Participant: 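Sharing a structure with you now.
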Amino acid sequence: ATSFCTEINNTYVSQWDPSAPNKWSKEISTANQTGSIGVLQLGTVTTNSPIANFAANRYFTLGTDRPFLNNPLPVKLISFSANKTGNMSSIVTWELADVCMEATQFTIEKSIDGKTFQSYATQAGNPNSRNYFYNDTKLGKGTTWYRLKITEADGKITYSKVVALINDTKGLLITSLMPNPVTGSAVVTVSAARSLVADTQVVNVSGTIVRQWRSAVAEGSNQLTIDMSALPAGVYHLVLQTADSKAVYRLVKQ
């Protein structure tokens, strides 16, 4: 009920085909408007077109061939990160899958404990760009957690993952692992006070190391990929360790 467009009759089902010239298809679709919020239209979009093999890397979304300002679609966040730019400053950046309406609001929230967040700065949507940044000139000592609150034009609120910056001479922190549970690979977000090489281990509930390798980690926020596809289902711990720091994160393999 909180997904929207402004011209539902010009919205269609789109299928990703990596072998096709245009990649994203325009399936023959039927729209049914069930409500509205101001100029925003709610409803369903259905296609009876044959669906390709789901196992062949096929994905589905809603698309439109109308200009963005005529028919904006819901906001989708691709990335969110934070990196130090000085002893007391950082830059927070985020990227969207597409441009958004000016009525969209992006609120940067900060925390000093990773639990209680407070609004710090707000930016309006930009219909001409997918990329955003904010310079934080009040980065405190120790660890600062950031997250992004997205308020769409219809009032729908979503949050980004949490990222952290360690403004210190040492320290290592795992802030998120997605997806969790994991079936194949997962992306781990790691924050480090300085560039380092960490001994990385996957440990089962019996305390046995089932996988281990070394990971290069840069100062600031990092994204590492771990492959869990060869491991049996169960509960594991991901451990990153250096001479002076250690980070542990619980994950489930399905």
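If you're wondering where the values come from, they're calculated on a predicted model, not measured in any experiment. Values reported hereafter were calculated over all heavy atoms of this structure, with side chains retained and with hydrogens, waters and symmetry mates removed.
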Participant: If we only count heavy atoms from C-beta on, is the Trp213 to Val202 side-chain gap below 4.5 Å?
Facilitator: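 Result yes, sub-4.5 Å side-chain heavy-atom pair found.
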Participant: If I compare all heavy atoms of Ala97 with all of Ile78, which pair ends up nearest, and what's the gap?
Facilitator: CA-CD1, 3.4 Å
Participant: Going by heavy atoms in the side chains, are Lys161 and Thr189 under 4.5 Å from each other?
Facilitator: yes
Participant: Under the criterion side-chain contact (heavy atoms from CB on, under 4.5 Å), I'd like the reasoning laid out for Leu224 against Thr200: C-alpha separation, chi angles, the key distance, then a yes or no.
Facilitator: CA-CA 11 Å; Leu224 308 177; Thr200 309; 5.6 Å; no
Participant: Do Asp227 and Thr225 make a side-chain contact, defined as non-hydrogen atoms from C-beta onward lying under 4.5 Å apart?
Facilitator: no
Participant: Take Tyr132 and Thr93 through the test side-chain contact (heavy atoms from CB on, under 4.5 Å) and record every step on the way to the result.
Facilitator: CA-CA 6 Å; Tyr132 297 78; Thr93 60; over 6 Å; no
Participant: Inspect the surroundings of CZ in Arg130 and state if more than 12 heavy atoms from other residues, nucleotides or ligands are less than 6.0 Å away.
Facilitator: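 Check passes, neighbour count above 12.
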Participant: Is there side-chain contact between Ile226 and Tyr236, with heavy atoms separated by less than 4.5 Å?
Facilitator: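 A side-chain contact is absent here, since even the closest heavy-atom pair is not under 4.5 Å.
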Participant: Heavy-atom count around Lys23 NZ within 6.0 Å, excluding the residue itself: above 12?
Facilitator: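 Atom NZ in Lys23 is packed in, count exceeds 12.
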Participant: Measure up the Tyr134 and Tyr120 rings against each other and bin them: parallel (under 30°), tilted (30 to 60°), perpendicular (over 60°).
Facilitator: perpendicular
Participant: Measure the spacing between OG1 of Thr61 and OH of Tyr12 and express it to the nearest 0.5 Å.
Facilitator: 10.0 Å
Participant: So, are Arg214 and Asp199 salt-bridged, with charged N and O less than 4.0 Å apart?
Facilitator: yes
Participant: For the CZ atom of Arg250 and the CG atom of Leu177, what is their distance to the nearest 0.5 Å?
Facilitator: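 Spacing of CZ (Arg250) from CG (Leu177) equals 12.0 Å.
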